[in-house]
Amino acid sequence: MKLPLAFYQREDVVTVARELLGKYLFTCIDGVISGGYIVETEAYNGINDKAAHSYGGRLTPRTKTMFEAGGVAYVYLCYGIHEMFNVVASTEGDPRAVLIRAVHPTEGLEVMLYRRNMLALKPNITAGPGSVAQAFGINRKLNGISLQSDTLWLEDRGLSFAADQIAAVPRVGVAYAKEDALLPYRFFVKGDAYVSKPNKYE
DNA sequence: GGGAAGATAATCT
DNA sequence: GATTATCTTCCCT
C-alpha cells in the first residue's frame with residue numbers, strides 16, 4: 001500500500017522525517033524492482049534552515065522541485081559524483097524535504113550489487129545518501145517524479161520503531177550552516193547495520 | 001581501526 | 001572560479 005499524499009503534505013517536515021523510518025522504499029527501473037526499509041533520514045526545513053538549498057526562499061532551476069507540493073522526488077548531483085534522493089514535503093511554495101540517507105535492503109539485492117559494482121553483500125551497499133541512490137538506480141531523470149508513480153514509491157508495511165530505538169542527532173556535512181548545523185534533524189534506527197558511518201551513538 | 005585526501009561536475013557568484 | 005546535503009581508497013598507527 002503506497003503512502004498517501006497526506007503523509008507528505010504536512011508542514012512539520014521533522015515529524016515526517018522521523019515517521020519515514022521503517023517505511024519501505026521501492027524503485028522499478030527497466031522492469032526490475034528494488035526495495036528496502038528506510039533506517040536513516042534528515043530533515044531540511046524550508047526557508048529558515050541555513051543548511052537547506054531553499055534557505056531564504058532561493059528559487060533556482062535546481063531547487064524549484066523543492067517548492068512543489070509534497071509527495072514528489074527531489075534528486076540532484078552533489079560533489080560531481082553522487083546523486084541524492086529526497087522526499088519533498090509540505091505544500092506548494094513551501095520548500096521542505098527529507099533526505100533519505102540509508103536503507104535496509106530487502107528486495108532486488110542482486111541488481112543493487114550490480115549497480116554498486118560490488119561482488120558481495122556488505123552493509124555499506126546502501127549506507128549513505130549517495131550509495132542509496134546508486135543501489136536503487138535513482139538518478140536525475142527521476143527528479144520531480146510523483147511518489148504515487150509505478151517507478152518510485154514508498155509503502156507502509158506496518159513496520160515501526162519504538163522511541164528508544166530511534167536516535168535524533170545533528171546532521172552530517174552541513175557545518176557551513178552555523179547554528180542550524182546543531183539542530184537534531186537527523187534520525188536513524190539504533191543498531192541497524194545499514195545506517196551510515198557517523199554512528200557513534202548509544 | 002582510523003584519518004587524510006582524491007575524484008569530478010552541476011550550480012551559483 | 002568557488003562551492004558542494006559524499007564515498008572510497010590508501011597509508012599510517
Side-chain angles (χ1 to χ4, degrees), chain A residues 8 13-14 16-18 20-21 25 36 38-68 70 72-90 94-105 112-144 152 167-188 192-202:
Chain A
Y8 305 105
V13 68
V14 177
V16 174
R18 188 184 173 287
L20 278 172
L21 296 178
L25 170 67
I38 296 167
V39 294
E40 183 178 357
T41 62
E42 274 181 14
Y44 285 88
N45 199 8
I47 63 174
N48 294 317
D49 182 355
K50 291 180 181 168
H53 292 155
S54 53
Y55 174 62
R58 200 165 52 181
L59 179 57
T60 66
R62 178 178 65 158
T63 62
K64 76 176 197 301
T65 304
M66 283 185 80
F67 286 79
E68 293 186 20
V72 300
Y74 173 42
V75 184
Y76 78 99
L77 190 70
C78 185
Y79 295 102
I81 302 178
H82 304 288
E83 320 251 18
M84 308 262 230
F85 167 56
N86 299 249
V87 171
V88 176
S90 194
D94 188 26
R96 305 177 201 255
V98 179
L99 172 68
I100 307 302
R101 292 192 56 88
V103 171
H104 188 125
M112 288 188 192
L113 288 172
Y114 173 76
R115 292 195 189 110
R116 295 273 289 131
N117 203 20
M118 293 168 64
L119 296 174
L121 180 65
K122 287 186 292 188
N124 70 354
I125 187 171
T126 51
S131 303
V132 170
Q134 189 178 10
F136 278 77
I138 294 170
N139 58 50
R140 279 163 292 154
K141 281 186 297 200
L142 300 182
N143 185 39
L152 174 59
V169 297
R171 291 172 291 189
V172 176
V174 295
Y176 61 88
K178 304 195 175 168
E179 71 273 13
D180 286 342
L182 300 176
L183 294 169
Y185 282 180
R186 173 178 177 234
F187 298 94
F188 65 87
D192 192 285
Y194 293 91
V195 170
S196 71
K197 197 174 156 199
N199 187 13
K200 299 174 181 118
Y201 189 84
E202 170 182 39

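Letters A, B, ... are given to chains in the order of the sequence lines, protein chains preceding strands, and every chain is numbered from 1. As the structure is a computational prediction, the values presented were derived from the model and not from experiment.
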TODO: Write down the distance between CZ (A/Arg171) and P (C/dT6), rounded to a whole number of angstrom.
DONE: 11 Å
Task: Counterpart base for B/dT13, defined by Watson-Crick or G-U wobble contacts under 3.5 Å - done: none
Open item on the list: Across nucleotides 6-13 of chain B, 5' to 3', mark each nucleotide with B, S or - according to how protein heavy atoms within less than 4.0 Å reach it.
Closed with: -BBBSSSS
Task: Nearest-angstrom distance from the residue atom CD of A/Glu42 to P of C/dT4 - done: 16 Å
Open item on the list: Within the 4.5 Å heavy-atom criterion, are A/Phe136 and A/Leu25 side-chain neighbours or not?
Closed with: yes
- [ ] Using whole Å, report how far NZ of A/Lys50 lies from C1' of C/dT3.
- [x] 18 Å
Task: Atom-to-atom span, CG of A/Asn45 to C1' of C/dA5 - whole angstrom - done: 14 Å
Open item on the list: Please check if the number of heavy atoms outside A/Tyr114 that lie under 6.0 Å from its OH is greater than 12.
Closed with: no
TODO: Mind checking A/Met118 for me? I need base, sugar-phosphate or nothing, with any heavy atom below 4.0 Å counting as a touch.
DONE: nothing
Open item on the list: Between A/Gln134 and A/Arg116, is there a side-chain donor-acceptor contact under 3.5 Å, judged purely by atom types and distance?
Closed with: yes
Open item on the list: Ring of A/Tyr76, cation from A/Arg62 - is the NZ or CZ under 6.0 Å from the centre and inside 45° of the axis?
Closed with: yes
Open item on the list: Measure CG/A/Asn117 against P/C/dT8 and give the value in whole Å, please.
Closed with: 11 Å
Task: Pair assignment for B/dA4, Watson-Crick or G-U wobble, requiring both distances under 3.5 Å - done: C/dT9
Task: Rounded distance (Å) that lies between atom P of C/dC7 and atom CD of A/Glu83 - done: 13 Å
Task: Modelled atom types, side-chain donor and acceptor of A/Asn143 and A/Tyr74, under 3.5 Å - done: no
Task: Test: A/Asp180 and A/Lys178 ion pair at under 4.0 Å - done: no
Task: Nearest-angstrom distance from the residue atom CG of A/Leu99 to P of C/dC7 - done: 9 Å
Open item on the list: Does A/Tyr74 reach a base, just sugar-phosphate, or nothing at all? Heavy atoms under 4.0 Å.
Closed with: base
- [ ] Output yes when A/Arg171 and A/Glu42 qualify as a salt bridge under the 4.0 Å nitrogen-oxygen rule, no when they do not.
- [x] no
